[in-house]
Structure formats: structure tokens, C-alpha cells
Amino acid sequence: MPELPEVQTVVNGLGPYVVGRRVSRVRLERTDVVFPPGTDVVGALIGRLIVALHRRGKKIVFTLDTGDRFVIHLGMSGQLTLDPPDATVPKHTHFVVDFAGLPLQLRFKDPRRFGGIWWHGIDDSVDAALGPEPLSMNWRVLARRLDNTRRSIKTTLLDQTVVAGIGNIYADESLFEARIDPLTPAYELSDEQVRRLTRAIKLILRRAIRAKGSTLRDYRAADGSTGSFQSRHRVYDRAGLPCRTCKTPISRIVLGGRSTHFCATCQRPSYGSRLG
DNA sequence: GTCCATGTTCTTTA
DNA sequence: CTAAAGAACATGGA
């Protein structure tokens, strides 16, 4: 499910319920979703207070009263929801946490298991190697990071060490908004293009958060509801459909092994690029 | 049976 | 050596 807007929506939904709560019960249904392998998450969590919850990139960061932190990453199909304890526990639910005084339990379900639970010590930095947060990033910071790679801008935006939180949907949507050809080598973008791209990323991400994310299939907010931003996608998953701006059929190509959607007319190569 | 999927990491290639 | 491309991971839906 998870790109920045979806993860932010989950955090927004969980925060009011779990922050300030004490963990009363933990069940780990399979140990291979926990990293490092062998970590005793049940022992480490029982009786602890959740003092903070926040998002960093696509990671959901829990902070305990001990100062320890752990991260839940939703991978491709993960869901983190609050459900009544008597509600049916769906298949692929790997981790369930109950809190004192809360008539809801936190459930982590992830059929494909690309996600998981990462336990961090007090000193172990959660955001080591992660790029800047796109919503508060200055375009010059992005420009500096694009300067030293010959990869396409599309592929580069998916690199979490360059910018944190952007995935396949919002990379395509942001490049459309900025009118930039996804095949453009990152280092060839002009300052003007990077400025437009930075603005586009912030605009698209904010709109998507307001719409509570995009639900294509698995994504659910903490209360189990779906997002609505998918209905406002301009290019993602719209191959062959007319561009909402110019009616040209949307193209689909594969870049870095990921499907990439764009309008060949609105996102012309060379339009405003550094090398022309 | 085939192909594809909102992600990341390890391996191979250039 | 490094950067970039490719494969792998696991499950389910079209």
C-alpha cells in the first residue's frame, strides 16, 4: 500500500488512539517478519508506553517510554489497522497489539511480506541513509542530489536515499504535474525543471494526503477505509486512456523494472531541459 | 497456465 | 573500484 500519503494517513489515524497508551498484550504470529531476526518484540513491548508516533519516508516510527524505537514498514501489501478484538482476524495477520483501556487492537497484516517490523536501539538511527522529506525540501537540495546520477529522473525519484517517501504512483503523477519526460537523465534537469518538480511533488503529495491516499487494491487507512486519490490520477494506471489535458493516449513504458506512465505530448523530452 | 502489482535488497553486469 | 541494471522475495487477482 505504501507511499508517503498512504503512510501519513495511517499515522494520522493511529496516533490519537495509541500515543500515551500502555501495551497490555502482544501476539506475534510469525517471527520472520521481525528484524533483526530473533528480536524478542513481545518481551520488549509488554508494559511499555507508546510516547510518540511519526512517519519518516515510508516508515512508521513508534517511540517507547524506554527511548527505544521500532519501525513498521508496509512493504507492498501491508495494512496497519485498529479493530475490535472480537472482529474476525484475517489471513496473513502477523502481529497484534492490545493496549490498556483501548477497546481496539492494532493489527499488522501483510500477505506478500515485503513489509515487517524493525527493532531499533536507542542510538540506532531510524533514518540512516534516507533522503530528505519531500514536503519540506528546498529545490536546491534536490538539485544537488540529482546532479551526480545518469539514471532517468523517474528511476531516481524512486531511490529512497535521494528523496524519502515517493513511490511509483507519485513519481509518475509528479513528473506529469511538472511536465517532465520521465526518461530524462536526472543530471540533465535544468534548475527551472527541478524547481517545477519540487513544487509538483509537494502539490501532489499534499493533495493525496488530503484525499487519504490512493487505494488500488490493498491500501487501507487505520480504520479500514479506502483512499480516494486514485480517481484523480492523471497518468498512473491510465495507459491508453486520453490525457486529461491534451487527449493524447497515455503511454506506458518500463523503467528500472517499474511501469511508468506519462503523456508524450505534455511531457516532451527537452522541454526546458538543461541540454535542450 | 500467464502477467502484473503502491517496495526493497541482493547480485550481476558494464 | 563504482554505478546501474536485473533478479529475487511472496501472494493473489485479472
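Per chain, numbering begins at 1; letters A, B, ... match sequence-line order.
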Between [N] atom [atom2] and [X] atom [atom1], what is the distance in whole Å?
X	N	atom1	atom2	result
A:Phe35	B:dC10	CZ	P	10 Å
A:Asn168	B:dT8	CG	C1'	13 Å
A:Arg258	B:dC3	CZ	C1'	15 Å
A:Asp172	B:dA5	CG	P	11 Å
A:Glu6	B:dG7	CD	P	9 Å
A:Arg151	C:dA4	CZ	P	6 Å
A:His261	B:dC4	NE2	C1'	11 Å
A:Gln230	B:dA5	CD	P	17 Å

Nearest to the side chain of A:Arg252, heavy atoms from C-beta on, is which of B:dT6, B:dA5, C:dA5?
B:dA5
Between the main-chain N or O of A:Phe108 and the side-chain N or O of A:Gln79, is there a donor-acceptor pair closer than 3.5 Å?
no
Mind checking the [atom1] distance from [N] to [M]? Whole angstroms is fine.
N	M	atom1	result
B:dT11	C:dA10	P	15 Å
B:dC4	C:dG6	P	15 Å
C:dG12	B:dT9	P	24 Å
C:dA8	B:dT2	P	15 Å

Should the pair [X]-[Y] be classified as a salt bridge under the 4.0 Å nitrogen-to-oxygen rule?
X	Y	answer
A:Asp191	A:Arg140	no
A:Asp172	A:Arg234	no
A:Arg196	A:Glu177	no

A:Thr93 and A:Asp110, any side-chain heavy atoms less than 4.5 Å apart:
no
Regarding [X], tell me which of base, sugar-phosphate or nothing describes its non-hydrogen contacts under 4.0 Å with the strands shown.
X	value
A:Thr155	nothing
A:Gly167	sugar-phosphate
A:Tyr236	sugar-phosphate

So, is [X] close to the [N] phosphate, meaning a side-chain N or O under 4.0 Å from OP1 or OP2?
X	N	result
A:Ser77	B:dG7	no
A:His73	B:dT8	yes
A:Lys58	B:dG7	yes
A:Gln160	B:dG7	no

Check DNA chain C for consecutive Watson-Crick or G-U pairs with both distances under 3.5 Å and list the runs of at least three as stems.
B:2-5 with C:11-14, B:7-14 with C:2-9
Any side-chain donor-acceptor pair under 3.5 Å between A:Arg179 and A:Gln267?
no
Is it the case that the side chains of A:Lys154 and A:Thr260 hold a donor-acceptor pair, with the cut-off being a distance below 3.5 Å and no angle test?
yes
Passing candidate, side-chain hydrogen bond (donor to acceptor under 3.5 Å, both in side chains) with A:Ser214, options A:Tyr219, A:Tyr170, A:Tyr236:
A:Tyr170
Restricting to nitrogen or oxygen on both sides, can you table the protein-nucleotides 8-11 of chain C pairs closer than 3.5 Å?
unit_1, atom_1, unit_2, atom_2, d
C:dA10, O4', A:Arg112, O, 3.1
C:dA10, O3', A:Arg113, NH2, 2.6
C:dA10, N1, A:Arg112, NE, 3.1
C:dA10, N1, A:Arg112, NH2, 2.6
C:dA10, N3, A:Arg112, NE, 3.2
C:dT11, OP1, A:Arg113, NH2, 2.3
C:dT11, O3', A:His92, NE2, 3.2

Could you tell me how the ring of A:His73 sits relative to the ring of A:Trp118: parallel (under 30°), tilted (30 to 60°) or perpendicular (over 60°)?
perpendicular
Axial cation check for A:Tyr17 ring with A:Arg21, 6.0 Å and 45° limits
no
